[in-house]
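Naming: A, B, ... by sequence-line order, numbering from 1 per chain.
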Amino acid sequence: MALDFGLNFMDEKYFAKKIEDKWQTRWRETGAFEVERDDAKPKFYQLEMLPYPSGNLHMGHVRNYSVGDALAWYKRLKGFNVLHPIGWDSFGQPAEDAAIKRGVNPRDWTEQNINHMRKQLQNLGLSYDWRREMAAHRPDYYKFDQWFFLKMYEMGLAYKKKTQVNWCDNDKAVLSNEQASGGLCWRCGHPVTKKDLEQWFLKTTAYADQLLDDMAEIEAGWAEKVLKRQRDWIGRSEGAFVEFGIRNSDLGLKDKTNPQSQIANPKSVRVFTTRIDTIYGANAIVVAAEHPIVEANFAHFSDETRIVIEKIKADKLKVTDHEAEVEKEGVDTGLKAINPFSGEELPVWVGNYVMIEYGTGAVMSVPAHDERDFEFAKKYGLPIRQVISEPHLVHEHSTMQALALEQAFSDYGVLVHSDYWNGKTSENAKKEMTEYAVKHGFGEAATTYRLRDWGISRQRFWGAPIPIVYCEKCGVVPEKFENLPIELPAQMVLNDEIEGTSPLAKDEDFVNTVCPDCGEPATRETDTMDTFVDSCWYYFRYTDPKNPEMPFSPEIAAYWTPVDQYIGGDDHAVMHLIYTRFWTKVMRDIGLVKFDEPVKRLLTQGMVVGETFFDEIPNPDEPEGKGKRIYFPPSSVTVERDAKGKIIAAKSADGKMLKSAIERMSKSKGNGVDPDEMVEIYGADAARIFVLFAAPVENELVWNEAGIEGATRFLQRVWRFVYKWQSAVSRQPSPISNEEFSADARKLRQKTHQTIKRIGENFESLQFNTPVAALMELSNAIYDFKVEPESASDADIFAIREAAEALILMLAPFAPHTAEELYAQIAGNDRGILANGARFPEYREELA
RNA sequence: GCCUGGGUGGCGAAAUUGGUAUACGCACUAGACUCAAAAUCUAGCGGGCUUAACGCCCAUGUCGGUUCGACUCCGACCCUAGGCACCA
């Protein structure tokens with residue numbers, strides 16, 4: 001049903017505020033962007049990463065959402081049923097910090113921020129279906145975080161295990177790696193120890209292969225750099241386990257439940273290697289200080305050996321700068337291992353460069369063909385024996401005994417000094433030697449991953465409670481589905497008295513409960529879930545936001561999902577985007593969805609950055625590290641620049657020389673730009689055009705407001721010519737044969753159709769700066785068409801109308817308010833593009 | 001150290017994928033309108049020669065190669081931004 005609002009007279013001047021208010025109100029009143037499932041129409045799911053409700057929108061948001069909105073509009077004009085929702089990632093640290101610092105309720109703080117930011121989004125005129133808004137901190141949402149947790153518990157994908165955390169015994173606090181820097185507590189200076197804490201994990205490793213292999217399904221739509229980072233993060237490597245017998249160890253493993261229990265034979269050490277072909281070059285076995293073989297034999301080691309091992313363990317607790325290279329350190333334990341291929345006896349060393357968390361916590365050291373082993377062997381004078389040769393040097397290398405290698409040769413080659421295997425290529429030797437090891441029972445092919453299971457326990461208040469109950473009688477008991485949600489207490493006094501234990505532990509009403517199984521008194525788990533859980537599935541909730549029984553209806557979600565286009569910052573390339581892919585595979589296995597991958601196309605936008613000015617106060621504890629920075633807002637700084645605009649000198653108001661840098665915009669650095677202010681001065685449409693036009697989306701955008709006037713000028717130019725031609729053009733022109741057009745009119749029509757083609761292609765390839773340029777060109781072409789309304793022929797008017805209509809329709813994704821208003825004017829009724837059901841202009845090749 | 005992007009005017013950037021390099025915008029210069037200013041409009045705007053006019057030469061980080069033709073493809077190097085970092 002079409003709504004008719006009657007025709008307004010057009011202002012001669014472009015008043016952004018007036019138009020924006022008018023259309024925002026109308027969109028709201030008519031539910032212009034509200035959509036329902038419609039099997040007769042093709043769907044398009046346009047999604048942008050949901051914001052954390054910090055209190056204010058920043059320019060990064062404006063950029064992200066302007067891009068998403070442009071695409072949503074484009075797809076609407078192309079006839080798609082477009083789902084374009086937004087919500088809030090509203091659990092997390094800042095709300096809790098605010099609560100501690102200012103004594104506010106985190107819920108109130110969060111809701112207030114959401115209300116303010118929602119208004120800011122609406123002022124930008126973003127085309128969301130607001131009925132579908134979700135917020136992670138509301139019980140009707142996190143109920144299903146808990147639901148999923150219980151499902152995963154049932155499936156064996158959620159489990160609890162002891163893990164080491166940094167612990168300050170003086171403060172009784174868990175410390176993050178950053179807070180345990182230097183091995184000392186950041187607050188009291190007490191030495192940091194490791195403490196075993198029970199934490200909940202989700203078994204992401206169970207999906208490691210799928211996470212890697214299913215990348216083939218999304219390769220076309222995801223940036224290669226994102227996929228690569230995920231590949232690195234998962235870090236699959238193919239190789240082999242090999243058992244080295246231990247000659248003088250008569251002690252077995254004491255702890256069979258230890259995760260390293262794969263080292264089943266107490267008389268051997270199992271190593272992981274990707275280069276079994278180099279095994280004849282092994283000069284030692286090097287194990288991590290925490291390795292069971294070390295613990296089992298510790299009492300038998302010499303004092304010096306034990307001191308070194310203790311030191312290595314202690315050093316690992318220190319959090320070192322990633323830039324600083326750690327010197328290799330180790331000690332010979334006196335244990336002897338037997339190389340199962342050669343029968344050679346090798347010393348067993350403890351080395352600080354071997355990680356207990358990866359592989360088996362033990363490696364065979366082959367210095368000739370591994371850089372790290374080379375460095376280690378050099379330092380301790382261990383023999384270095386070359387067993388892989390470059391093909392053209394084989395003869396030379398096989399006749400010589402030892403070679404003075406300058407550095408490790410880690411490429412593939414041909415085997416030498418390897419008995420039976422001499423002359424084989426690395427590739428063949430790897431395969432055959434693994435088979436040989438399997439046949440003789442001392443090895444097997446193996447695949448290892450860097451990916452760890454996802455620890456989701458947080459000793460925090462502001463998150464979804466983990467729905468687990470501890471009962472004296474029944475042990476660990478999952479909550480019943482019908483008891484969900486397990487709600488956070490409405491009132492909670494938060495302070496930082498005992499940081500490191502969950503604040504919920506202090507609330508007896510929360511903690512004390514009854515066992516879901518036996519009904520006896522029991523206690524609740526007081527840890528909450530990592531906030532990354534919330535963002536794993538929020539965009540499925542949008543499809544069915546009010547469902548009280550299920551996270552979403554599989555049937556409704558089957559229409560809308562997977563997401564056709566996702567847009568966000570590439571800082572989430574690994575964490576969020578791996579977790580949500582994992583979650584989707586779990587949902588598939590539960591039967592909620594029927595696909596492997598949730599996002600078909602991913603666009604990662606560049607950051608919005610700005611100049612910052614600061615005074616750096618050196619930190620005496622870390623002479624080489626970065627000092628503390630005190631930021632000065634740019635408006636308070638006097639800046640001297642060279643001809644190219646580079647900063648020569650910057651001075652604060654009181655004359656202090658300041659350093660400067662280009663950094664991510666933020667309030668604390670004083671270089672943020674308030675979107676409200678921009679909208680107030682220039683209007684939402686101009687702000688949106690500018691932010692898209694300023695640079696390609698994937699580039700970093702160095703904020704500089706100088707160009708925004710250009711966006712305003714462009715909109716004004718468009719406005720002025722529509723005003724001039726409005727009455728001439730608003731009567732529907734009749735079709736005209738091609739010969740009646742003047743040469744200039746034909747030129748204009750050509751430009752119009754070339755532009756239609758170009759902009760369509762730009763949208764399909766996710767370019768947003770070039771279509772704005774194309775619109776400007778078309779607008780310039782209309783100005784170059786020197787005809788006045790009074791003297792224009794029908795053909796001229798037809799050409800003008802065609803160009804104007806195309807321009808206005810293609811402007812809508814960038815400047816929707818202005819486009820709606822201008823379309824209403826030329827359509828001759830006061831309905832805009834949407835209400836008139838207008839479509840993206842049709843490209844006619846014969847005219848272009 | 002390894003991996004991945006990127007180097008084009010004063011600035012942000014284009015270039016139909018090997019075919020007129022610098023579109024579009026910002027900044028700047030001159031002119032028109034104005035008592036004046038703003039706004040708007042017109043013209044100019046990579047560098048160097050040159051003409052009355054036409055024009056010519058050099059320029060896409062550097063050096064080389066392929067091609068009738070290279071910002072685009074190939075090789076080496078330089079610079080820069082980001083990611084990873086003892087993963088055996």
Side-chain angles (χ1 to χ4, degrees), chain A residues 13-14 223-237 239-242 271-276 278 282 285-288 316 320-329 351-367 369-376 407-408 410 446 448-452 570-571 573-574 604 606-607 609 641-646 662 689-690 693-696 698-714 716-717 720 754 757-758 761-762 765 767 769-780 783 848:
Chain A
K13 278 197 141 180
Y14 174 68
E224 176 52 31
K225 65 174 177 179
V226 173
L227 295 178
K228 197 195 169 310
R229 280 180 65 185
Q230 296 210 356
R231 256 182 237 118
D232 289 349
W233 182 267
I234 296 163
R236 176 162 68 190
S237 63
F241 290 140
V242 182
V271 305
F272 175 69
T273 178
T274 54
R275 292 297 303 273
I276 196 171
T278 66
I285 296 298
V286 185
V287 303
K316 278 195 181 173
T320 46
D321 234 336
H322 276 313
E323 279 124 72
E325 204 171 297
V326 181
E327 202 191 329
K328 302 249 179 317
E329 221 178 329
N352 66 343
Y353 70 101
V354 179
M355 297 180 298
I356 190 67
E357 314 89 304
Y358 183 76
T360 61
V363 302
M364 61 177 201
S365 166
V366 185
H369 305 293
D370 182 282
E371 270 179 50
R372 295 151 301 176
D373 296 339
F374 185 83
E375 200 188 321
F376 193 68
Q407 59 183 64
S410 51
T448 61
Y449 303 88
R450 304 165 78 146
L451 184 72
R452 300 273 89 93
D570 65 3
D571 40 341
V574 197
T604 51
M607 273 198 296
V609 296
R641 293 172 194 273
D642 66 11
K644 290 193 172 187
K646 278 201 175 150
I662 304 277
I689 284 191
F690 174 60
F693 181 58
E698 61 277 7
N699 282 22
E700 187 172 80
L701 175 57
V702 182
W703 189 255
N704 172 3
E705 221 150 296
I708 193 167
E709 305 265 8
T712 305
R713 267 198 283 265
F714 164 61
Q716 286 167 343
R717 271 165 73 81
R720 275 200 308 273
Q754 284 169 347
K757 179 165 188 253
R758 230 174 108 184
E761 287 168 354
N762 287 158
S765 60
Q767 287 174 284
N769 55 331
T770 45
V772 175
L775 289 174
M776 288 172 171
E777 282 185 50
L778 181 56
S779 148
N780 291 346
Y783 272 85

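- Glu777(A) has its side chain out of reach of Gln754(A): every pair of non-hydrogen atoms, C-beta onward, lies at least 4.5 Å apart.
- Residue Asn352(A) contributes atom CG, which lies 9 Å from atom C1' of rC86(B) at whole-angstrom precision.
- Annotated as syn: rG9(B), whose glycosidic dihedral is within 90° of 0.
- The separation between Phe690(A) atom CZ and rA13(B) atom C1' is 12 Å, rounded to whole Å.
- Within the nucleic acid shown, Arg231(A) has no heavy atom closer than 4.0 Å to any nucleic acid atom.
- Between rA88(B) and Tyr353(A), no contact under 4.0 Å exists linking OP1 or OP2 to a side-chain N or O.
- Here rC45(B) sits opposite no nucleotide as a Watson-Crick or G-U wobble pair (both hydrogen-bonding atom distances under 3.5 Å).
- If you measure from atom NZ of Lys13(A) to atom C1' of rU40(B), you get 10 Å, rounded to the nearest angstrom.
- Remark: the separation of the C1' atoms in rC3(B) and rC11(B) is 32 Å, to the nearest Å.
- Dashed line: the shortest gap from a side-chain N or O of Asn780(A) to OP1 or OP2 of rA23(B) is not under 4.0 Å.
- Look at the P atom in both rA43(B) and rC26(B): the space between them is 15 Å, to the nearest Å.
- Nucleotide rU17(B) carries a syn base; the chi torsion (O4'-C1'-N9-C4 or O4'-C1'-N1-C2) is within 90° of 0.
- Side chain of Gln230(A) to backbone of Ala573(A): a donor-acceptor contact under 3.5 angstrom is found.
- Atom CD1 in Ile356(A) sits roughly 15 Å away from atom C1' in rC86(B) (whole-Å rounding).
- Note on Arg720(A): only backbone sugar-phosphate atoms sit closer than 4.0 angstrom, heavy atoms only; bases stay farther off.
- Val354(A) comes within 4.0 angstrom of a nucleotide base, judged by non-hydrogen atoms across all strands.
- rA15(B) and rA53(B): their C1' atoms are spaced 32 Å apart (whole Å).
- Nucleic acid contact class of Asp570(A) (heavy atoms, under 4.0 Å, all strands): none.
- Look at Asn699(A) and you'll find a side-chain N or O under 4.0 angstrom from OP1 or OP2 of rA13(B).
- Residue Lys225(A) places no side-chain atom within donor-acceptor reach of the base of rC3(B), judged by atom type and a 3.5 Å distance cut-off alone.
- Checking the phosphate oxygens (OP1, OP2) of rA39(B), no side-chain nitrogen or oxygen of Arg713(A) falls inside 4.0 Å.
- Computed from coordinates, the Asn769(A) CG to rA23(B) P distance equals 15 Å when rounded to whole Å.
- Within 4.0 Å (heavy atoms only), Met776(A) reaches sugar-phosphate atoms of the nucleic acid but no base atom.
- Two residues are said to be in side-chain contact when any heavy atoms from C-beta on lie closer than 4.5 Å; Glu698(A) and Asp570(A) fail this criterion.
- rA81(B) and rU4(B) make up a base pair, with Watson-Crick or G-U wobble contacts both under 3.5 Å.
- Atom CD of Glu371(A) sits in a sparse spot, with 12 or fewer heavy atoms from other residues, nucleotides or ligands closer than 6.0 Å.
- A salt bridge does not link Asp370(A) to Arg275(A): none of the charged side-chain nitrogens sits closer than 4.0 Å to a carboxylate oxygen.
- Residues Tyr353(A) and Glu375(A) fail the side-chain proximity criterion, which asks for heavy atoms closer than 4.5 Å.
- Contacts of Gly710(A) with the nucleic acid, taken as non-hydrogen atoms under 4.0 Å apart, involve only primed sugar atoms and P, OP1 or OP2.
- Contacts of Arg450(A) with the nucleic acid, taken as non-hydrogen atoms under 4.0 Å apart, include base atoms.
- Atom P of rC79(B) sits at a distance of 32 Å from the matching atom of rA23(B), rounded to the whole Å.
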- Query: side chain to side chain contact (heavy atoms under 4.5 Å, CB included) between Thr712(A) and Phe690(A): does it pass, once the steps are laid out?
  - Reply: CA-CA 9 Å; Thr712(A) 305; Phe690(A) 174 60; over 6 Å; no
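- OP1 or OP2 of rA13(B) has not a single side-chain nitrogen or oxygen of Thr770(A) nearer than 4.0 Å.
- Pairing for rA36(B) is absent, judged as Watson-Crick or G-U wobble with the two contacts each under 3.5 Å.
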